[in-house]
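Quick caveat: nothing in here was measured; it's all calculated off a predicted structure. Computed from heavy atoms alone, side chains included, the values below leave out hydrogens, waters and symmetry copies.
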Amino acid sequence: GNGFRVEDCIIGPNRARGMLLKASDGVVTGNIVRDTWLSAIMLAPEYDWLEAGSGRNIFIAQNTIERSHDVAISVYARGGDGAIAPAGAHDGIMIGDNHIMDSSMPAIAVTSTYDLFLFRNNITGTNNDLVPSWKRGEFGRQEDPDRQIYLENVANVTAGLGRTA
């Protein structure tokens, strides 16, 4: 629930997501997530499953992610029609000081967010061969398969030093 903390865990290998966040006012830090077939860390309402709402005030930092087959850190929202939701579905998202390696691109995808803070994420050793076939058309992969960060319908972005600037 709200006010959650996921700290210093080792997760994976996993045939789906490493973490599926479904609340607000949360901290995800110091974790190692390896070999996930979907996102290592994901925050997204799932309208087709009628699960969860959007997130607010989420801090995702100092995690190590290795070999994520999908977007390593994904924060997104789709409406009931499947289209990307407008900015504001998520609010106050901070993603920083994460090390993402040997994963598919984009390594970070954020949509539908107001007040996004990105800083000092280190993205190395891309491997787009990992992307499952049903995920290849998402998050701008067809337009730019080497894009490290994908943003859509995001307002009020602050980017700090490092690979995300």
Side chain proximity check, His69 to Ser104, heavy atoms < 4.5 angstrom:
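They are not in contact (no side-chain heavy atoms under 4.5 Å apart), so the answer is no.
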Minimum side-chain heavy-atom gap Thr124-His99 below 4.5 Å:
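Side-chain contact under 4.5 Å: yes.
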Do [X] and [Y] belong together in a cluster built from hydrophobic side chains that touch within less than 4.5 Å?
X: Met94; Y: Val27; result: yes
X: Ile60; Y: Val6; result: yes
X: Val157; Y: Ile93; result: yes
X: Val131; Y: Tyr150; result: no
X: Phe117; Y: Phe59; result: yes

Nearest 0.5 Å, please: how far is [atom2] in [Y] from [atom1] in [X]?
X: Glu138; Y: Ile84; atom1: CD; atom2: CD1; value: 8.0 Å
X: Ile41; Y: Met19; atom1: CD1; atom2: CE; value: 4.5 Å
X: Ile123; Y: Ile149; atom1: CD1; atom2: CD1; value: 4.5 Å
X: Asn14; Y: Trp37; atom1: CG; atom2: CH2; value: 12.0 Å
X: Arg56; Y: Leu43; atom1: CZ; atom2: CG; value: 13.0 Å
X: Ile108; Y: Ser103; atom1: CD1; atom2: OG; value: 10.5 Å

Nearest heavy atoms of [X] and [Y], plus distance in Å:
X: Ser39; Y: Ser74; result: OG-OG, 2.9 Å
X: Ala40; Y: Ser68; result: N-OG, 3.7 Å
X: Val71; Y: Ala109; result: CG1-N, 3.4 Å
X: Asp91; Y: Tyr114; result: OD1-O, 3.0 Å
X: Ala77; Y: Thr111; result: N-OG1, 3.2 Å
X: Trp134; Y: Leu38; result: CZ2-CD2, 4.3 Å

Under 3.5 Å: donor-acceptor pair, side chain of Thr29, backbone of Ala61:
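Yes, the answer is positive, given that a donor and an acceptor are paired below the 3.5 Å cut-off.
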Polar side-chain atom of Asn2 near backbone of Ala23 as donor-acceptor pair, under 3.5 Å
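Checking the backbone N and O of Ala23 against the side chain of Asn2, no donor-acceptor pair under 3.5 Å is found.
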Should side-chain heavy atoms under 4.5 Å link Ile, Leu, Val, Met, Phe, Trp and Tyr, which residues sit in the same cluster as Ile32?
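Direct or chained contacts put Ile32 with Ile10.
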Can you establish whether the number of heavy atoms outside Arg147 located under 6.0 Å from its atom CZ is more than 12?
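Atom CZ in Arg147 is crowded, with more than 12 foreign heavy atoms closer than 6.0 Å.
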Asn63 and Asn31: side chain donor to acceptor below 3.5 Å:
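There is such a pair between these side chains.
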Is a side-chain donor-acceptor pair under 3.5 Å present for Asp25 with Asn57?
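Indeed, the side chains of Asn57 and Asp25 share at least one donor-acceptor pair under 3.5 Å.
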Once you measure the plane-to-plane angle for Tyr76 and Phe139, does it fall in the parallel (<30°), tilted (30-60°) or perpendicular (>60°) bin?
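Ring orientation of Tyr76 relative to Phe139: perpendicular.
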Taking side-chain hydrogen bond (donor to acceptor under 3.5 Å, both in side chains) as the test, write out the residues that go with Arg141, two or more places apart.
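Partners of Arg141 by the side-chain hydrogen bond (donor to acceptor under 3.5 Å, both in side chains) criterion, ordered by chain and then number, come out as Asp70.
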What residues, two or more places apart in sequence or in another chain, satisfy side-chain hydrogen bond (donor to acceptor under 3.5 Å, both in side chains) together with Arg5?
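Listed in chain order: Glu7.
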Gln62 and side chain to side chain contact (heavy atoms under 4.5 Å, CB included): which partner among Asp97, Val28, Asp8?
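Of Asp97, Val28, Asp8, side chain to side chain contact (heavy atoms under 4.5 Å, CB included) with Gln62 is met by Asp97 alone.
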Matching residue for Met101 among Asn122, Asn127, Thr64, Thr126 - test: side chain to side chain contact (heavy atoms under 4.5 Å, CB included):
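Passing option: Thr64.
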Between Ile65 and Asn98, is the side-chain contact (heavy atoms from CB on, under 4.5 Å) condition met? List the steps.
CA-CA 8 Å; Ile65 299 169; Asn98 297 289; 5.6 Å; no
